[in-house]
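Order of listing sets the numbers, starting from 1, for every ligand and every atom in it. The shown structure was predicted, so the numbers you read here are calculated from the model rather than taken from an experiment.
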Amino acid sequence: MDYHIKDINKAGEGRLRVEWASQGMTVLDAIRERFERDRPLQGMRISACLHITTETANLARALKGGGAEVALCASNPLSTQDDVAAYLVAEEEIPVFAIKGEDSQTYYEHIRRALECGPTVTMDDGADLVSSLHFIALGKWGELNPAVRSWAEGLSRVAREEMVRRIVGGTEETTTGVIRLRSMESSEVLQFPIIAVNDADSKHFFDNRYGTGQSTMDGIIRATNRLIAGSIFVVCGYGWCGKGLAMRARGMGAQVVVTEVDPLKALEAVMDGYQVMPISEATRVGDIFCTVSGDVKVIARDHFRQMKDGAIVANSGHFNVELDLEGLEEISVSKKKVREHVEEHVLEGGRRIYVLGEGRLINLASAEGHPSSVMDMSFSNQALVAEYLASHGHTLEKRVYRVPVEIDRAVAKMKLEAMGVRIDQLTEEQQSYLASWEKGT
Ligand code: ADE
């Protein structure tokens, strides 16, 4: 079996951690047991570009249990848990191409190797796998990373087109990836259907809000060991992730400042009780900054100049573009690592700015990502959507679809059951009341 990981000897540690995570993934576990009986994914080849964590390992087990051949590569150079990669290779016989801290060249080589496995279904977290595949199929050489390009240029046009033709469909895990894929759809280049798992209510209401909220605080605290209480904590972006992060920072005693560009979200933040101001003002008051906006250069070069001595800056959005680190380099007179995941930049005049986790997803770079019980819902959606693609994929067009509502609701229902929470059901009278327009008072 082909694979590329850091150290196969870490498999034992990985197994224990994957088993621990599985205790929080009761819904996915039940799906895996059904999959092992019914084998709905038989014949499917899934290449998945995801964060290689204990939770992803449990998803991979479920998919394999359902009969799929699964290959994994990382969706971020810093998010791989090397012990988990070792466990998957050594004990689950799942090919993994991922090493924590890999450089950009290796990151793309790993994507190439996942593509070489010949997927019929793709899973993405950020759309790097699907976009690479499209650059190959469409011969967009200029866009391709050299690690993929040198391989793809050796393939015939027929072989390259065949790579996308055999794909029944793909799934996308995160907001940033869905935005990229919708742009591919509107530019009419999308070559196969995608199901936007991120957009399921049972995914983003929970994973993006409570998962990002907790794991981002966890990442910042593990990296710095600073007290949050009494600090001024600036959250850039008030989408689902920003809402969760602001809530958790406030819960730990920070004064929270929110920056936004969308008037509705800004108003929501005001009415949720946060101070809202432009980033150019927030930079003068903040102690800790975290971007969760999905956009580029949200904290730009001149913003760093305005920060207080000792300001801490992190990102928990998908890509490492939200902090203008090149701009920061330009205005820095020196730079050094002062502790694991913390780099000190000294500016002219001596002010110090601390950048966490190289500006990459801090919740995965210095912590372990979202806890398993919230990933349970995200990855149950992924598993059920893979099953849906097996039965319905051929009926879909080259578009970005929402998760079927039956799957979305089934995940929420199963999670409640697993948590032992019971809810009411509408009576017949209530159902008919809701269905009728004649009944007023
Ligand atoms: N994204 C955020 N947290 C994650 C986790 N624990 N596993 C996989 N993907 C994630």
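Within the structure, ligand 1 lacks L50 among the residues with a heavy atom less than 4.0 angstrom away.
Listed for the N315 side chain is a donor-acceptor partner under 3.5 Å among the backbone atoms of G359.
The closest protein non-hydrogen atom to atom 7 (N) of ligand 1 is T53 OG1, 2.6 Å. For atom 3 (N) of ligand 1, the closest non-hydrogen atom on the protein side is H370 N, 2.8 Å.
When non-hydrogen atoms are compared, ligand 1 lies under 4.0 Å from the side chain of M375 (C-beta onward) but not from its backbone.
A salt bridge is absent between E33 and R37: the closest approach of a Lys/Arg side-chain nitrogen to an acidic carboxylate oxygen does not fall below 4.0 angstrom. Between R15 and E91, at least one side-chain N (NZ, or NE/NH1/NH2) sits under 4.0 Å from a carboxylate O, which counts as a salt bridge. The pair R113-E109 does not count as a salt bridge, with every side-chain nitrogen at least 4.0 angstrom from each carboxylate oxygen.
Close approach to E368 involves these atoms of ligand 1, each under 4.0 Å from a residue heavy atom: 6 (N). Against a heavy-atom cut-off of under 4.0 Å, G369 is close to the following atoms of ligand 1: 3 (N), 6 (N). The distance from ligand 1 to the heavy atoms of T56 drops below 4.0 Å at these ligand atoms: 7 (N), 8 (C).
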side-chain contact (heavy atoms from CB on, under 4.5 Å) evaluation trace for Y210 with H370: CA-CA 8 Å; Y210 303 109; H370 303 354; over 6 Å; no
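Ring planes of H110 and F97: tilted class, angle from 30 to 60°.
Not one N or O of N363 is nearer than 3.5 Å to an N or O of ligand 1, by distance alone. Between E55 and ligand 1, a contact under 3.5 Å exists for at least one N or O pair. Where the criterion is an N or O separation shorter than 3.5 Å, residue side chain and backbone included, H51 fails it with respect to ligand 1.
At least one test fails for R301 against the ring of F304: distance under 6.0 Å to the centre or angle within 45° of the axis.
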